Every structure is written in C-alpha cells, then in structure tokens.
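Counting begins at 1 with the first residue of the sequence. Bear in mind that the values here come from a model prediction, so they are computed numbers and not experimental data.
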Amino acid sequence: MATTTDPEATTTAPSDAENDAMPQPRLDKLPEELIDNIAHRLDWDDITSLRQVCTTLEARTFHDFATEHFSAKGFIFTSESLKTLVGIANDKRLNSYLHSVYIVTSMFSENALQCPHVGCHCSWSPTVRESEAYKFYLSDQTQLKKDAEDKKLLTEAFQKLPKLTGLFLADRPHHAECNEGASTYGITKIRRRTGRPPTHSPMIDRSNKDYSKWFTHVWKTMCVALSQSDRSTITRFGIYVDQAPDGLAVHPEFKFTSKTLHGMGKALRNVKTLKLAIQGGNTLIKKDGKLDLKANVELISKFARTMKAAPLEEIKLTYDQTKSSGLVHVAFLQSLDLSKVKKLSLDGACLSASSIVAALGTMQSVTDIRIEKSNLSKGNWVPVLQAMQKLPTLGHLHLMWLQEDGRKVYLLTQREVDREDEWLDDGEDFADEDTDDDDLPDLEPAPGYEEKSEFNFNDPIVETEKEAPEDDFRSPGCEDSPERGYHVCLDSADKIARYLPIFIKEYNLGESLDDEVGDMGGLPFPPGLIAGPNGGSGPAFGALMTSIFGGVPPPPPGYTGPGAHVHGGHGHGHGGHGAGGGGHTHGPGPMPPMPPGFVVGNGPGYGFMTGSFPMPGPPPGGVAQQPLPTFPPTAGTNAGTPATNASTAVHNGAGSVEATNAGAASAGAANANTTSPSPATAHASTGAENDFHAYFDTDDEEEQGQWDVD
C-alpha cells in the first residue's frame with residue numbers, strides 16, 4: 001500500500017545564515033500612504049524624531065509635515081520671531097507652504113518691571129534670571145521700532161512668500177490658533193524664560209496708553225510693509241480682536257501717506273474676505289470740539305478705496321456700538337464694490353434704517369446675512385426686512401439682539417404670561433378631604449352585562465400626523481424666557497420666504513436697553529452715586545449696595561475706626577490679569593437723597609430692602625419717529641414705512657416692571673400708512689418722503705451733512 005508524505009511535515013526551519021540572507025522589512029521602503037498614516041498619528045516631538053532617522057523618511061514626510069505645521073503661523077515683533085519668518089520665506093521648500101500669517105501685537109512693557117504700588121501682591125514675582133530675560137525682550141522690541149528693522153524684516157518676508165493669501169493682525173495668540181490651528185512663534189519660549197506672557201490687550205489698564213500706541217505701530221508697520229512688498233496674492237485681510245473697543249481707531253490708524261495707500265491698493269486688489277473691527281467715538285477727528293464730518297469721511301473713504309477694485313465676497317464689520325459707528329459704516333461701505341458680496345456680517349453698529357436698505361439694494365448676490373447687537377437711531381427694521389425679501393439669492397438670515405432707538409426689537413408678538421395657575425395651588429390637598437357622607441354606594445352591573453372596550457386590538461394602527469410645533473425663535477440657552485423673536489436664525493430660502501412676512505406683521509418693541517453707566521434709562525442720579533474719583537466706585541454707591549443686599553451698615557460720617565479705609569484696587573495689571581478700578585475711597589459716607597420718584601420699602605417675604613422706579617408712559621398722541629426716505633429702484637425696498645406699535649411698561653406695584661405688547665406692526669404701504677392710536681398703546685406711523693439724505697445720517701442733528709456717493 002502506497003503512502004504519501006506531507007511536504008509541510010518534512011520542511012525544516014531556515015538556518016540563521018539563511019535568515020541573514022533574506023531581505024528584512026524597512027521603514028523607508030513602506031508605501032508612502034502607510035508612512036503618511038504613521039506620521040499623522042505622531043505628535044510634534046515624535047514626528048521630528050522620525051524625520052531625523054534618515055533623509056529618505058525626511059523627504060517622504062515633508063509634505064504632510066509642512067502642510068500641518070507651516071501652512072499658517074503667527075509671529076510677534078521680536079528679532080527672533082521676525083527672523084524666523086524671513087527664514088521660512090527664504091527656504092525654497094517651505095515658502096510655498098506658508099499661506100496665512102498672523103501678526104500678534106505682543107508687547108513688553110516697562111510697567112511690568114516697575115510696579116509703583118507699595119505692598120502690591122502681583123501674580124508675577126520674577127527671579128533675577130526671569131527679570132533679565134524680560135529686560136532683554138523689552139530692549140529688543142524697542143530697538144526694532146527705533147531702527148525700523150521690524151518693517152524691513154516684514155517687507156522682505158512678504159516679498160518672498162509666493163503663496164501668501166491671508167494676512168491678519170491679532171491682539172492675542174489664540175486667534176491664530178482657533179482660526180487655523182496656527183501657533184505663534186516665540187510665545188512659548190518667552191513664557192518659559194520670563195515666567196509670564198507679554199502684554200496683549202488694552203483692557204489691562206485703560207489709563208496706560210502704551211499698548212494703544214504699540215497696537216497702532218504694529219498695524220501701520222504691517223500695512224506699510226505690505227504696500228512695499230509688491231505682493232498681490234492676498235485674498236483674506238483684516239484684524240481679530242477680543243473686544244470691539246480694542247479695534248482700529250479711525251484716527252490715526254486709517255491715516256497713511258498717498259504712496260502707502262497706492263501700494264496697499266495694488267496689494268489688496270484681489271481680496272475676497274475682509275474682517276475689520278473699528279472704533280468710533282473719540283477716535284474720530286474733531287474741530288473746535290465738534291465732529292469734523294468732512295475730514296472723517298475723507299479719511300475713512302481713502303482707506304476703504306484701497307479695496308475698491310477687490311472682488312469682495314465676504315465682509316465682516318464689527319463696531320463698538322457708539323453713535324458715531326453709523327458714520328464710519330456708511331463712509332466705509334460706500335467706497336467698496338458690494339455687487340459680488342455673498343456673506344455680510346454686521347455687529348455693534350448704530351445707524352439709520354435707510355443706510356442698511358441702500359446697502360442691501362446693491363447686494364444682489366448675497367446669500368448669508370448676519371446682524372447682531374445693532375441699533376437703529378432712525379427708522380425701524382421693517383423696511384430692512386422688506387428689502388431682504390427682495391434679495392433673490394438669500395439663503396441664510398441671522399438676526400440677534402436688534403434694537404430700535406435703544407429698545408429691544410421683537411420679530412414676533414410676545415405672549416402674555418398666564419398667572420392664573422399661580423393662584424390655584426394654595427397648599428391644600430383636596431383629595432384628602434372626607435366626603436364619604438355624600439358618596440353613593442357602589443353599584444354592581446346587571447347579570448349578563450359585558451363592558452365593551454373602546455379599543456379593538458384587531459384594528460390597524462393609523463398614525464396621525466402631528467402638528468409641527470410653532471417656532472418661537474428664542475435665544476439659545478434662554479428657551480424658558482418669554483421673549484419671542486429676539487434671536488432669529490433662518491437657514492433656508494423657504495424659511496425666509498415663510499417667516500419674513502410674519503416678522504413684518506408682528507414687529508414690536510420691548511424695554512429700553514440704555515446701559516450707559518450712571519444713566520439708568522435717563523433717571524437722574526445724584527453726583528457720586530455711581531462713579532467715584534480716579535475711576536473707583538462712588539461712596540454713595542457702596543452705601544446703596546450695602547443697604548439693598550444687607551451686610552454691615554455703613555459707618556456714620558467722620559468715622560475713622562477699623563474698616564474705614566477701603567481700597568478701590570490698583571490701576572495696573574500684568575499679562576492677562578486685569579487691574580482693579582484704581583484709586584481709593586475712604587469710607588462710604590452718608591446716604592445721598594434718592595432721585596424723585598424712587599420708592600424704598602421692605603418687600604414682602606424678603607429680608608432686604610427693595611426699591612422701584614416709576615417708569616414713564618408714552619406721551620399723549622404716540623411716539624413720533626423720523627420719516628424714512630424713498631429710494632431708487634436699486635435700493636431694494638418699497639417706500640412705505642409700516643406703523644410700529646410701542647410697548648408700554650406697566651408697573652405691577654411690587655417693584656417690578658412688566659412689558660406688555662401693544663400689538664403687531666402692520667405691513668408698509670406705498671405712501672402714508674396711519675393707524676388710530678388706542679388708549680393702551682402708542683402707535684408711531686410715518687409716511688415716506690422723497691429724501692435721500694438719511695443715507696448719510698450721523699445721528700447728530702447739529703452735525704449732519706452730505707457727501708458725494710462717488
């Protein structure tokens with residue numbers, strides 16, 4: 001009988017000599033996609049070690065390494081950081097990868113080393129080594145500015161970056177990191193050597209103007225270097241700041257020489273995305289104590305015209321909510337070509353309705369509009385909503401925290417809170433009452449009676465269509481708030497077509513949001529109640545707060561015992577640590593007389609003092625509004641201004657104020673639209689007039705003027 005031999009059973013293991021002769025797997029011989037997969041899983045230290053193994057691995061991982069770590073970078077005004085930027089620009093392999101540059105306004109201040117306050121316990125207590133390192137950076141930054149070496153280094157870098165498309169100024173390093181994951185070169189090393197970060201925000205100490213001057217220097221140096229670089233590849237340009245009041249000052253940060261403006265015009269001719277935060281208020285030019293309208297418009301327009309030829313597609317403008325922001329906004333937009341804009345974002349502006357309507361009339365390609373925290377000084381939002389209805393490509397509309405003359409704007413009718421349920425439950429349990437005497441005896445069914453069930457298990461289940469819940473458009477996180485239509489987000493053209501007519505019909509106003517310090521809605525406060533000397537709290541304010549919220553009663557006038565000396569906080573700060581209010585207050589002092597109409601009493605059920613202000617009602621005959629002008633066909637709106645219903649404030653007698661809706665605003669008519677006022681509401685009805693001057697309203701009746709649209 002024949003037998004078979006299993007070939008695997010007779011196979012012998014290879015010898016060591018044979019193993020040495022066999023080819024071994026090599027990391028540098030792996031397919032490139034596997035190397036990329038490995039590289040993506042390594043952190044900075046490990047990928048650096050991997051690239052140092054051999055030149056083959058260094059070359060095969062270079063693309064992913066450069067794309068991840070060098071496509072966007074932040075730099076500060078130190079010799080080491082700026083020379084690193086120049087080194088990247090001179091590297092023939094790396095310079096084509098860097099497409100976004102963030103210039104961070106990090107500053108080294110002499111105040112950080114010389115604290116003038118005796119006994120101050122600052123969070124930064126440097127060692128000798130850390131103090132010397134900080135002095136080195138301070139001296140280096142000062143010398144860069146003195147020799148204009150920072151401008152030379154930036155100009156050289158911009159000239160040699162062939163694919164530089166994004167250039168931004170940032171007041172903190174996290175902007176670059178949050179936007180594009182870009183690290184700021186030098187910040188980590190500075191923190192390690194000095195034990196603290198550089199100064200980044202003027203919010204640290206408002207009385208110290210050093211940072212504001214430094215911010216201006218960095219911004220103008222960046223712009224001048226860009227104008228001298230002959231670089232025209234920029235498609236994204238602007239600034240990032242934490243707070244709008246920290247943005248660009250109209251004067252002097254919009255002021256450049258004609259040569260610089262001409263060079264910037266060439267450098268920014270291809271910009272598609274523009275993001276700016278602009279201050280108004282005290283940054284505008286004044287003449288003889290009054291706003292110089294002509295000089296401001298000329299200065300703003302000259303700067304804005306550097307982007308007049310740019311095919312702008314996205315514009316984001318943030319203002320500081322001052323009254324003069326409307327002037328800045330109109331002067332800026334009138335110098336730009338808005339015909340290709342697809343996304344418009346407006347935040348913190350105070351302007352007239354007609355200026356928004358006129359701007360929307362030129363944006364026939366816009367698909368996304370976002371308006372937040374903006375106040376209309378003249379007119380109302382209904383013509384703006386009507387203009388939005390006529391935009392053919394609008395597919396996303398975001399309206400949040402709008403105001404009209406300082407009052408909340410609701411795009412939906414507010415529902416009255418039903419308080420009836422609060423009085424039904426008085427704590428008694430009616431189910432436990434003894435009612436046995438009135439109960440009938442239990443009845444038994446007759447013989448043969450069979451109770452029929454209303455539900456047949458054999459019947460097919462038919463699902464009834466549930467009615468979609470009504471969208472109240474409440475603010476995110478405030479779903480329990482009774483406010484409706486204060487935060488609106490429509491993410492499709494269908495929703496815009498459906499809801500805009502509803503918003504126009506139900507448009508109404510809420511309470512005033514006048515939040516000026518010491519104003520409290522126009523009520524007269526005695527001097528010293530809110531603000532004290534040197535930026536500290538007023539003595540009367542401390543006494544009032546103590547009286548309201550309890551605690552130790554204020555000492556009598558002239559008391560000099562323990563606790564009489566109160567520090568208001570030192571007016572300085574280090575790094576990211578905010579300073580106090582500054583100045584000192586010595587004793588809260590006696591309670592000042594209350595304003596007329598201020599009622600103080602003990603509230604029921606509360607252990608502290610409560611107070612209430614009588615709210616003034618609407619004047620007889622209604623609230624008069626300024627008439628809105630008519631616009632050319634390109635303005636994208638009809639001439640009518642709808643009648644708006646003012647909300648009335650009803651005092652409930654318990655120290656609170658209830659806002660009750662007076663009604664919804666009706667749609668605008670072609671000419672005049674009037675509504676008879678009811679006893680409980682004040683209707684403001686205005687008609688259209690053939691007047692285009694409101695496009696240039698500056699919110700100051702004595703300082704209004706006109707300028708050429710061209």
Do the side chains of [Y] and [X] get nearer than 4.5 Å, heavy atoms only?
X: Lys73; Y: Leu98; answer: yes
X: Phe77; Y: Thr221; answer: yes
X: Leu42; Y: Thr48; answer: no
X: Ile234; Y: Thr165; answer: no
X: Glu253; Y: Ile278; answer: no
X: Val101; Y: Phe75; answer: yes
X: Leu161; Y: Leu85; answer: yes
X: Leu57; Y: Leu27; answer: yes

Lys/Arg N to Asp/Glu carboxylate O, [X] vs [Y], below 4.0 Å:
X: Lys294; Y: Glu298; value: no
X: Arg129; Y: Glu132; value: no
X: Lys340; Y: Glu313; value: no
X: Glu314; Y: Lys275; value: yes
X: Arg236; Y: Glu180; value: yes
X: Lys152; Y: Asp150; value: no

### Query
Passes side chain to side chain contact (heavy atoms under 4.5 Å, CB included), Leu336 versus Ile315? Steps please.
CA-CA 10 Å; Leu336 302 177; Ile315 299 178; 4.3 Å; yes
### Glu33 vs Asn37, side-chain hydrogen bond (donor to acceptor under 3.5 Å, both in side chains): CA-CA, chis, key distance, verdict
CA-CA 6 Å; Glu33 58 270 16; Asn37 196 337; over 6 Å; no
Residue pair [X] / [Y]: nearest heavy atoms and the distance that separates them:
X: Ser325; Y: Cys350; answer: OG-N, 2.9 Å
X: Ser365; Y: Ser339; answer: OG-O, 3.2 Å
X: Leu94; Y: Ala66; answer: CD2-CB, 4.0 Å
X: Pro173; Y: Val104; answer: N-CG1, 3.9 Å
X: Leu299; Y: Lys255; answer: CD1-CA, 3.7 Å

Going by atom types only, do [X] and [Y] share a side-chain donor-acceptor pair under 3.5 Å?
X: Tyr211; Y: Thr105; answer: yes
X: Asp171; Y: His175; answer: yes
X: Thr260; Y: Thr257; answer: yes

### Task
May I have the step-by-step check of salt bridge (Lys or Arg N to Asp or Glu O under 4.0 Å) for Lys316 and Glu372, ending in yes or no?
CA-CA 11 Å; Lys316 181 176 182 180; Glu372 297 184 8; over 6 Å; no
### Query
So Gln141 and Met107, side chain to side chain contact (heavy atoms under 4.5 Å, CB included) or not? Walk me through it.
CA-CA 8 Å; Gln141 201 170 70; Met107 183 189 78; 3.9 Å; yes
### Message
Working to the nearest 0.5 angstrom, can you tell me the gap between Gln334 CD and Ser355 OG?
### Response
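OG of Ser355 is found 11.0 Å from CD of Gln334.
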### Query
Can Lys189 and Glu80 be said to form a side chain to side chain contact (heavy atoms under 4.5 Å, CB included), step by step?
CA-CA 11 Å; Lys189 184 176 182 180; Glu80 185 179 14; 2.9 Å; yes
Test your reading of the model: is there a side-chain donor-acceptor pair from [X] to the backbone of [Y], 3.5 Å cut-off?
X: Asn270; Y: Ser232; answer: yes
X: Thr184; Y: Ile187; answer: no
X: Arg370; Y: His398; answer: no
X: Thr362; Y: Ala359; answer: yes
X: Thr155; Y: Lys151; answer: yes
X: Ser227; Y: Val224; answer: yes
X: Thr306; Y: Lys302; answer: no
X: Thr367; Y: Lys342; answer: yes
X: Asp368; Y: Lys343; answer: no

### Task
Find out whether the Lys NZ or Arg CZ of Lys220 is both under 6.0 angstrom from the six-membered ring centre of Phe256 and within 45° of the ring's axis.
yes
### Message
When you measure from the centre of the six-membered ring of Phe158, is the NZ or CZ of Lys160 closer than 6.0 Å and no more than 45° off the axis?
### Response
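That pair does not qualify as a cation-pi contact.
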#### Entry: More than 12 heavy atoms of other groups within 6.0 Å of Lys373 NZ
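Result for NZ/Lys373: enclosed.
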### Task
Determine, step by step, whether Phe332 and Leu276 satisfy the side chain to side chain contact (heavy atoms under 4.5 Å, CB included) criterion, reporting the C-alpha distance in whole Å, the side-chain angles of both residues, the deciding distance to 0.1 Å, and the verdict.
CA-CA 11 Å; Phe332 196 88; Leu276 292 178; 3.5 Å; yes
#### Entry: Of all pairs that satisfy side-chain hydrogen bond (donor to acceptor under 3.5 Å, both in side chains), the ones with a partner from residues 276-286, not counting sequence neighbours
none
### Task
Evaluate salt bridge (Lys or Arg N to Asp or Glu O under 4.0 Å) for Arg196 paired with Glu130, printing each intermediate quantity in order.
CA-CA 9 Å; Arg196 55 153 296 159; Glu130 291 173 340; over 6 Å; no
### Query
Which residues pass the salt bridge (Lys or Arg N to Asp or Glu O under 4.0 Å) test with Asp242, sequence neighbours left out?
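Here the qualifying residues are Arg172.
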### Task
Go through the structure and list residues passing side chain to side chain donor-acceptor pair (under 3.5 Å) with Ser71, not counting sequence neighbours.
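Checked Ser71 against side chain to side chain donor-acceptor pair (under 3.5 Å); zero matches.
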#### Entry: Ring centers of Trp214, Phe108 separated by less than 6.0 Å
no
